2 protein chains.
Amino acid sequence: MSEIERCEFLCVHQDTVEKVLKQMPSDEKLYDLAELFKVFGDSTRIKILYALFEAELCVCDIAQLLGLSQTAVSHQLRILKINSLVRARKDGKNVFYSLADSHVRQIIGQGMEHVEE
Amino acid sequence: MSEIERCEFLCVHQDTVEKVLKQMPSDEKLYDLAELFKVFGDSTRIKILYALFEAELCVCDIAQLLGLSQTAVSHQLRILKINSLVRARKDGKNVFYSLADSHVRQIIGQGMEHVEE
DNA sequence: ATAACATATGAACAGATGTTCATATGAAAG
DNA sequence: CTTTCATATGAACATCTGTTCATATGTTAT
């Protein structure tokens, strides 16, 4: 038994650990949850989402608004779309993006409350 | 004027953009918000936080519970602590960690709702 | 004091992530 | 149908991030 493993069998509070284990969601769910937060965890994407709080915007609008390149915005919108955080509506040459659902507002709102303390 | 810039001055919906700009939080706040979500955006840290939903746990408990090395857990707890998501209580050789406040539960809860759809 | 133990920390390394550049796609106008 | 424009996408590159390994710190028991 290696040094590292030793600790795990001596100091562990077994009853507590077992109680907690029963309540844990599946690994898959926890992985998905982390993936979701990862999407929010980039300031470019947060800025895009926040911009969409107020209005439906095309790629160009977002790029100018935030001082970013069209390419960078497009790449990030792709990620937001894949994760169902934004929706796309095509209108001629333009593609207008908007928030996908109210969860996005709620999650960002909660985060902002925490940050503002 | 380069090809990329051209788009920004032709297709932009100026009035909408200006309206949105007025409502945007400061860059600093948006950066902090992204940093916060970045902390939630890792499955090891999410697992640790979820484990702490149920009970106060020492480093060893968490390591065994999640099948991780003591070192990895310790590093992640450090990040969680710096970002005020967990609190540490020292008791002899052990250090017990617990959730810092209810925001953590709320943010994770909202995220989970989104994932479970 | 010294040994055993729980936790923390620094350096190194591998893998992930975001931007840029070049180019492709698809739609409207001439 | 060719050009122009708005958007999308792939590859390359630099940076960031998480784990491991080695070791340090601080606490309890002998």
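A quick note: this is a predicted structure, and the numbers were derived from the prediction, not measured. In the text below, chain A, chain B and the rest are named by the order of the sequence lines, each starting its count at 1.
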(request) Measure the distance from CZ on Phe37(A) to P on dA16(C) and round it to the nearest whole Å. (result) 22 Å
(message) Which nucleotide wins on minimum distance to the side chain of Ser74(A), given the candidates dA8(D), dT19(D), dA8(C)?
(response) dA8(D)
(request) Please determine if Lys22(B) and Glu54(A) form a salt bridge, counting it only when a charged side-chain N lies under 4.0 Å from a carboxylate O. (result) no
(request) Grab the NZ-C1' distance between Lys90(A) and dT7(D) for me, whole Å please. (result) 8 Å
(message) Between Asp101(B) and His103(B) (side chain of the first, backbone of the second, donor and acceptor by atom type, cut-off under 3.5 Å), is there such a pair?
(response) yes
(request) Give a yes or no on whether a salt bridge exists between Glu56(B) and Arg89(B), defined as a side-chain N under 4.0 angstrom from a carboxylate O. (result) yes
(request) Determine whether Leu66(B) and Val73(B) make a side-chain contact, defined as any pair of heavy atoms from C-beta on separated by less than 4.5 Å. (result) no
(request) Evaluate the side-chain proximity of Ile79(A) to His75(A): yes if any heavy-atom separation is below 4.5 Å, no if none is. (result) no
(request) Find the distance Asp91(B):CG to dT7(C):C1' and express it as a whole number of Å. (result) 13 Å
(message) Is any side-chain heavy atom of Leu52(A) closer than 4.5 Å to one of Tyr97(A)?
(response) yes
(request) May I ask you to say whether Lys47(A) pairs ionically with Asp27(B), meaning some side-chain N is under 4.0 Å from a carboxylate O? (result) yes
(request) Could you check how far CG of Asn94(A) sits from P of dA29(C), rounded to whole Å? (result) 12 Å
(request) Measure centre to centre between the rings of Phe40(B) and His114(A), then say whether the value is under 6.0 Å. (result) no
(message) Any heavy-atom pair between the side chains of Cys60(B) and Gln70(B) that's under 4.5 Å?
(response) no
Between the protein and nucleotides 10-13 of chain C, list the N/O to N/O atom pairs that are separated by less than 3.5 angstrom.
| unit_1 | atom_1 | unit_2 | atom_2 | d |
| --- | --- | --- | --- | --- |
| dG10(C) | O6 | His75(B) | NE2 | 2.9 |

(message) Tell me the closest heavy-atom pair linking Asp42(B) and Ala34(A), and the distance in Å.
(response) C-CB, 3.6 Å
(request) Side chain of Val59(B) only, please: which of dA8(C), dT7(D), dG26(C) is the nearest? (result) dA8(C)
(message) Rounded to whole Å, how long is the line connecting atom CG of Leu68(A) with atom C1' of dA8(D)?
(response) 16 Å
(request) For dT20(C), take OP1 and OP2 only and decide whether either is under 4.0 Å from a side-chain N or O of Gln70(A). (result) no
(request) Could you check which residues of residues 38-50 of chain A get a heavy atom under 4.0 Å from DNA chain C? Sort them by number, please. (result) Lys38(A), Asp42(A), Thr44(A), Arg45(A)
(request) Compare the minimum distances between each of dT20(D), dT19(C), dA27(C) and the side chain of Ser69(B), then state the nucleotide with the smallest one. (result) dT20(D)
(message) Quick check: do Met112(A) and Tyr50(A) have side-chain heavy atoms less than 4.5 Å from each other?
(response) yes
(request) May I have the distance from Leu66(B) (atom CG) to dG18(D) (atom P), rounded to whole angstrom? (result) 16 Å
(message) Regarding Tyr97(B), tell me which of base, sugar-phosphate or nothing describes its non-hydrogen contacts under 4.0 Å with the strands shown.
(response) sugar-phosphate
(request) Can you establish whether the number of heavy atoms outside Tyr31(A) located under 6.0 Å from its atom OH is more than 12? (result) no
(request) Determine to 10° how strongly the helix from dA1(C)-dT30(D) to dG30(C)-dC1(D) is bent, judged from the axes of its five-pair ends. (result) 20°
(request) For Ile62(B) and dT19(D), give me the distance from atom CD1 to atom P, rounded to whole Å. (result) 13 Å
(message) Let me spell it out: for each of Gly92(A) and Ala72(A), pick the nucleotide of DNA chain C with the closest heavy atom. Which residue's pick is nearer the 5' end?
(response) Ala72(A)
(message) Output the rounded distance in Å from CD (Gln76(B)) to P (dT7(C)).
(response) 16 Å
